[in-house]
Amino acid sequence: MNNLINSVGILGIGSSLPDKVLTNEDLEKMVDTSDEWITQRTGISQRRILEEDEPGYTLGVKAAVSALEDAGITAEDVDLIIVTTETPDYMSPSTSCIIQREIGASKAAAFDLNAACTGFMYGMTVAQQFIKTGYYKYALVVGVEALSKATDWEDRNTCILFGDGAGAAVIGAVEDGYGILSTYLGADGSMGHNITIPGLHSDPVEDAKRIHGKKHTIWMDGGAVLKFAVKIMESATNEALDRCGLSIEDINLVVPHQANIRIVEGAAKRLGVSRDKVMISLDKLGNISSASIPVALNQAIKEGKLSKGDNVVLVGFGGGLTWGSTVIKWAK
C-alpha cells in the first residue's frame, strides 16, 4: 500500500444488455412518431429494455463478472467498487453494495457516483487515483442504467432516445507507458435545468415540464443539450489530448457517449475525425447514459477495432451538466 504506480489502465472489460428489444416500429404503436422520423433525427433504430419487474442492478452484476473474467482476477481480489448510475434501484443501499454482495467481493469498499451520462469517465478517473497512489490494487467501475424505468413513454421527445444496459471495467496497474495518459473532467451546474429527473423532491417548475403528470421521469431540452454537447465533446477531447501531448492524428479510435448521431457526427466533424475512427453503437442500443461508453468500448474490442498500443479517446457529456474525456494507450 502507498507505493506510487506509474501507469494505470483497463485490465478487463465487460458488458450486459437486456434481452428485450424495443424497435422504432414498436414505438410507432405507443406514441405519435415514425421509424423515419426517429432514425433521421437520432440515428437510433432500436434499443434494449429491461422487463418491468427486472431490476437494473442485475445488468451491472453480469457486466462486472464479465470484466473480472476478462481481467483474470476474482471478486475477492477487488479492493473498490464504484458504480456510476443515475437510475439506481434503491436510494439505499447503493447499487455498488448490491453488486458487491451479488458477486462476492467481500473485501471491497463500495460507493455510487452520479455524473449522469459522463459517470463512467468520472468513475474511471476516481478509480485511477486510488490505484496510482497505491492505496488499492484493483478497482471495479460499473456503469449501469435502467433509463426505461425513468422514461415517460408518452413523451415522444425523450422516449425514442433511451435504453438500458451496463458496462464494467477493472482498473489496475499496467505496463509502463500504457494505460490512462490523461483525463479531463468538468461541470456547469448553471445548465443543469436542461436535463432533469426529480427524486425525493419535485418543485412546481419541474412538475410543469412533465405534461403527463409523471413527476419522476426524465425531461430534456433537446435543442439546448445538442448545442452544448457538440462543442463540449470537441473541447474536452482537445483538452485531454493537450494534457498528454498528443494530437487527434495520433488517435486510432474515438469512443464517444452514444447520445444522438447528430451530436456524434457534429463533434467528429469539428475534430476532423473520419467516421471510420468513431465507434458507433447507438443505432442498436440508444442512449444508455453512463453505460454507453464502456458498452461501446467493449463492442469495439470484440469487433477488433483496438489493439495493444493503439491510442483511444473516450469522451462524454451528460446531465448536471457534466463532461469528461480520457486518452488511453491500450494495454491489452
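No hydrogens, no waters, no symmetry mates; every other heavy atom, side chains included, goes into these values.
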A.B. asks: Taking Glu102 for its side chain and Gln100 for its backbone only, find out whether a donor-acceptor pair lies under 3.5 Å.
C.D. replies: no

A.B. asks: Taking C-beta and beyond as the side chain, do Leu297 and Ile10 meet within less than 4.5 Å on heavy atoms?
C.D. replies: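 Touching, per the 4.5 Å side-chain cut-off.
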
A.B. asks: Give the cluster check for Val278 versus Val255: same hydrophobic cluster or not, with ILVMFWY residues linked at side-chain heavy-atom distances below 4.5 Å.
C.D. replies: no

A.B. asks: For Glu28 and Ser34, run side-chain hydrogen bond (donor to acceptor under 3.5 Å, both in side chains): C-alpha distance rounded to whole Å, both residues' side-chain angles, the deciding distance at 0.1 Å, then the answer.
C.D. replies: CA-CA 5 Å; Glu28 288 177 347; Ser34 70; 5.0 Å; no

A.B. asks: Check whether more than 12 heavy atoms from other residues, nucleotides or ligands sit under 6.0 Å from atom CG of Asp276, and answer yes or no.
C.D. replies: yes

A.B. asks: Lys329 versus Val312: any side-chain heavy-atom pair under 4.5 Å?
C.D. replies: no

A.B. asks: Tell me which one of Leu285, Ile49, Thr87, Val144 satisfies side-chain contact (heavy atoms from CB on, under 4.5 Å) with Asp164.
C.D. replies: Ile49

A.B. asks: Would you compute the distance between atom CG of Asn298 and atom NZ of Lys302 and round it to the nearest 0.5 angstrom?
C.D. replies: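 Reported to 0.5 Å precision, the distance equals 4.5 Å.
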
A.B. asks: Same cluster or not: are Ile195 and Val264 linked, directly or through other Ile, Leu, Val, Met, Phe, Trp or Tyr residues, by side-chain heavy atoms under 4.5 angstrom apart?
C.D. replies: yes

A.B. asks: Test side-chain contact (heavy atoms from CB on, under 4.5 Å) on Val21 and Arg48; report intermediate values, then the result.
C.D. replies: CA-CA 5 Å; Val21 176; Arg48 299 290 191 91; 3.7 Å; yes

A.B. asks: Count the heavy atoms of every other residue, nucleotide or ligand shown that sit under 6.0 Å from NZ of Lys137, and state whether that count exceeds 12.
C.D. replies: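 No - once you tally the heavy atoms of other residues, nucleotides and ligands closer than 6.0 Å, there are 12 at most.
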
A.B. asks: Ser96 side chain to Phe111 main-chain N or O, any donor-acceptor pair under 3.5 Å?
C.D. replies: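 Yes, because the side chain of Ser96 sits within donor-acceptor range (under 3.5 Å) of the backbone of Phe111.
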
A.B. asks: Test Val142 against Leu140 for side-chain contact (heavy atoms from CB on, under 4.5 Å), laying out the working first.
C.D. replies: CA-CA 6 Å; Val142 186; Leu140 177 63; 3.8 Å; yes

A.B. asks: Do Leu241 and Ile248 come within less than 4.5 Å of each other through their side chains, counting heavy atoms only?
C.D. replies: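 Yes, close enough: below the 4.5 Å cut-off.
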
A.B. asks: For Lys107 and Glu76: C-alpha separation, side-chain torsions, deciding distance, then whether side-chain contact (heavy atoms from CB on, under 4.5 Å) applies.
C.D. replies: CA-CA 6 Å; Lys107 298 177 183 177; Glu76 284 291 302; 3.4 Å; yes

A.B. asks: Walk me through it: do Val327 and Ile180 pass the test side-chain contact (heavy atoms from CB on, under 4.5 Å)?
C.D. replies: CA-CA 6 Å; Val327 180; Ile180 299 170; over 6 Å; no

A.B. asks: I would like to know whether Arg243 and Glu239 meet salt bridge (Lys or Arg N to Asp or Glu O under 4.0 Å); could you show each step before the answer?
C.D. replies: CA-CA 6 Å; Arg243 291 186 178 194; Glu239 177 64 26; 2.8 Å; yes

A.B. asks: Closest approach of Ala109 and Tyr136, non-hydrogen atoms and distance?
C.D. replies: CB-OH, 3.7 Å

A.B. asks: Hey, does Val174 have a side-chain heavy atom less than 4.5 Å from the side chain of Ile5?
C.D. replies: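 Ile5 vs Val174: side chains apart.
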
A.B. asks: Mind listing the closest non-hydrogen atom pair of Pro93 and Ile98 along with its distance?
C.D. replies: CG-CG1, 4.0 Å

A.B. asks: Before accepting this row, confirm whether a basic side-chain N of the pair Glu54/Lys20 lies closer than 4.0 Å to the acidic partner's carboxylate O.
C.D. replies: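 Salt bridge: no.
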
A.B. asks: Kindly indicate, with the supporting measurements, whether the criterion side-chain hydrogen bond (donor to acceptor under 3.5 Å, both in side chains) is fulfilled by Ser247 and Glu249.
C.D. replies: CA-CA 5 Å; Ser247 68; Glu249 288 75 23; 3.0 Å; yes

A.B. asks: Find out if a path of hydrophobic residues (ILVMFWY) with successive side-chain heavy-atom gaps under 4.5 Å connects Ile99 to Ile73.
C.D. replies: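 Yes, because Ile99 and Ile73 connect within a single hydrophobic cluster, where side-chain heavy atoms sit under 4.5 Å apart.
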
A.B. asks: Taking all non-hydrogen atoms of both residues into account, name the closest pair between Ile293 and Val315 and its distance.
C.D. replies: CD1-O, 3.5 Å

A.B. asks: Would you say that more than 12 heavy atoms from the other residues, nucleotides or ligands in this model lie under 6.0 Å from the NZ of Lys231, or not?
C.D. replies: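 No, the 6.0 Å shell around NZ holds no more than 12 heavy atoms from other groups.
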
A.B. asks: Just wondering, more than 12 heavy atoms not from Tyr90 lying within 6.0 Å of its OH?
C.D. replies: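 No, the 6.0 Å shell around OH holds no more than 12 heavy atoms from other groups.
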
A.B. asks: Is Phe120 reachable from Leu11 through a run of I, L, V, M, F, W or Y residues, each pair having side-chain heavy atoms under 4.5 Å apart?
C.D. replies: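 Hydrophobic grouping puts Leu11 apart from Phe120.
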
A.B. asks: For the pair Lys214 and Glu154, evaluate salt bridge (Lys or Arg N to Asp or Glu O under 4.0 Å) and give the outcome as yes or no after the intermediate values.
C.D. replies: CA-CA 10 Å; Lys214 300 173 183 177; Glu154 296 180 89; 2.9 Å; yes

A.B. asks: For Pro55, does its backbone N or O pair with a side-chain atom of Asp89 as donor and acceptor, under 3.5 Å?
C.D. replies: no

A.B. asks: Taking side chain as C-beta onward, heavy atoms only, is Val254 less than 4.5 Å from Lys277?
C.D. replies: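 The answer is no, as the side chains (C-beta and beyond) never meet within the 4.5 Å cut-off.
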
A.B. asks: Going from OG1 on Thr74 to OH on Tyr138, what distance comes out if it is rounded to the nearest 0.5 angstrom?
C.D. replies: 9.5 Å

A.B. asks: Determine whether a donor-acceptor pair (N or O, by modelled atom type, separation under 3.5 Å) exists between the side chain of Thr118 and the backbone of Met121.
C.D. replies: no

A.B. asks: How long is the straight-line distance from NZ of Lys332 back to OG of Ser307, given to the nearest 0.5 Å?
C.D. replies: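 Taking OG in Ser307 and NZ in Lys332, the distance rounds to 12.5 Å.
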
A.B. asks: If we ignore angles and hydrogens, is there a donor and acceptor under 3.5 Å between the side chains of Thr217 and Asp152?
C.D. replies: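 Judged by distance alone, the side chains do not pair up.
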
A.B. asks: Report yes or no: does Glu145 contribute a side-chain atom to a donor-acceptor pair with the main-chain N or O of Glu86 at less than 3.5 Å?
C.D. replies: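 Side chain of Glu145 to backbone of Glu86, a donor-acceptor pair under 3.5 Å: yes, one is there.
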
A.B. asks: Decide yes or no on side-chain hydrogen bond (donor to acceptor under 3.5 Å, both in side chains) for Ser45 and Asn24, but give the supporting numbers first.
C.D. replies: CA-CA 6 Å; Ser45 62; Asn24 290 349; 5.6 Å; no

A.B. asks: What pair of heavy atoms forms the shortest contact from Gly165 to Leu17, and how long is it?
C.D. replies: CA-CD2, 4.0 Å

A.B. asks: Identify whether Leu314 and Val170 are in the same connected component of the hydrophobic contact network (ILVMFWY, side-chain heavy atoms under 4.5 Å).
C.D. replies: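 They do not share one cluster, since no chain of ILVMFWY contacts under 4.5 Å joins Leu314 to Val170.
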
A.B. asks: Do Leu253 and Asp310 have side chains that approach each other closer than 4.5 Å (heavy atoms only, starting at C-beta)?
C.D. replies: no

A.B. asks: With rounding to the nearest 0.5 angstrom, report the CD1 to CZ distance, Ile38 to Arg41.
C.D. replies: 10.0 Å

A.B. asks: To the nearest 0.5 angstrom, please state how far the NE2 atom of His212 sits from the CH2 atom of Trp153.
C.D. replies: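 With rounding to 0.5 Å, NE2 (His212) is 13.5 Å from CH2 (Trp153).
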
A.B. asks: Do Glu265 and Arg275 meet the salt-bridge criterion of a basic N to acidic O distance under 4.0 Å?
C.D. replies: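 Looking at Arg275 and Glu265, the cut-off is met.
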
A.B. asks: Minimum heavy-atom separation for Ser289 and Leu147, please, with both atom names.
C.D. replies: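 Nearest heavy atoms, Ser289 then Leu147: CB-CD1, 3.6 Å.
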
A.B. asks: Can you name the one residue among Thr42, Thr39, Leu22, Asn287 that meets side-chain contact (heavy atoms from CB on, under 4.5 Å) with Ile160?
C.D. replies: Thr42

A.B. asks: Look at the side chain of His201 and the backbone N and O of Pro198, then say whether any donor-acceptor pair between them is shorter than 3.5 Å.
C.D. replies: no

A.B. asks: Any chance CD of Glu303 has more than 12 other-residue heavy atoms, nucleotides or ligands included, within less than 6.0 Å?
C.D. replies: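 Enclosed.
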
A.B. asks: Nearest heavy-atom pair of Ser325 and Ala240: which atoms, and what distance?
C.D. replies: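 That closest heavy-atom pairing would be OG-CB, 3.3 Å.
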
A.B. asks: Taking ring-ring contact (aromatic ring centres under 6.0 Å, His included) as the cut-off, I'd like each qualifying pair that reaches into residues 242-286, sequence neighbours left out, listed once.
C.D. replies: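 Applying ring-ring contact (aromatic ring centres under 6.0 Å, His included) to every pair that reaches into residues 242-286, excluding sequence neighbours, yields His257-Phe317.
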
A.B. asks: With a distance cut-off below 6.0 Å to the six-membered ring centre and an angular limit of 45° from the axis, does Lys308 pair with Trp330 as a cation-pi contact?
C.D. replies: no

A.B. asks: So, taking the atom named OH in Tyr57 and the one named NZ in Lys62, what distance separates them when rounded to the nearest 0.5 Å?
C.D. replies: 11.0 Å

A.B. asks: Given the rule in the side-chain hydrogen bond (donor to acceptor under 3.5 Å, both in side chains) test, do Ser235 and Asn238 qualify, once you have shown the distances and angles that lead to the verdict?
C.D. replies: CA-CA 5 Å; Ser235 61; Asn238 285 330; over 6 Å; no

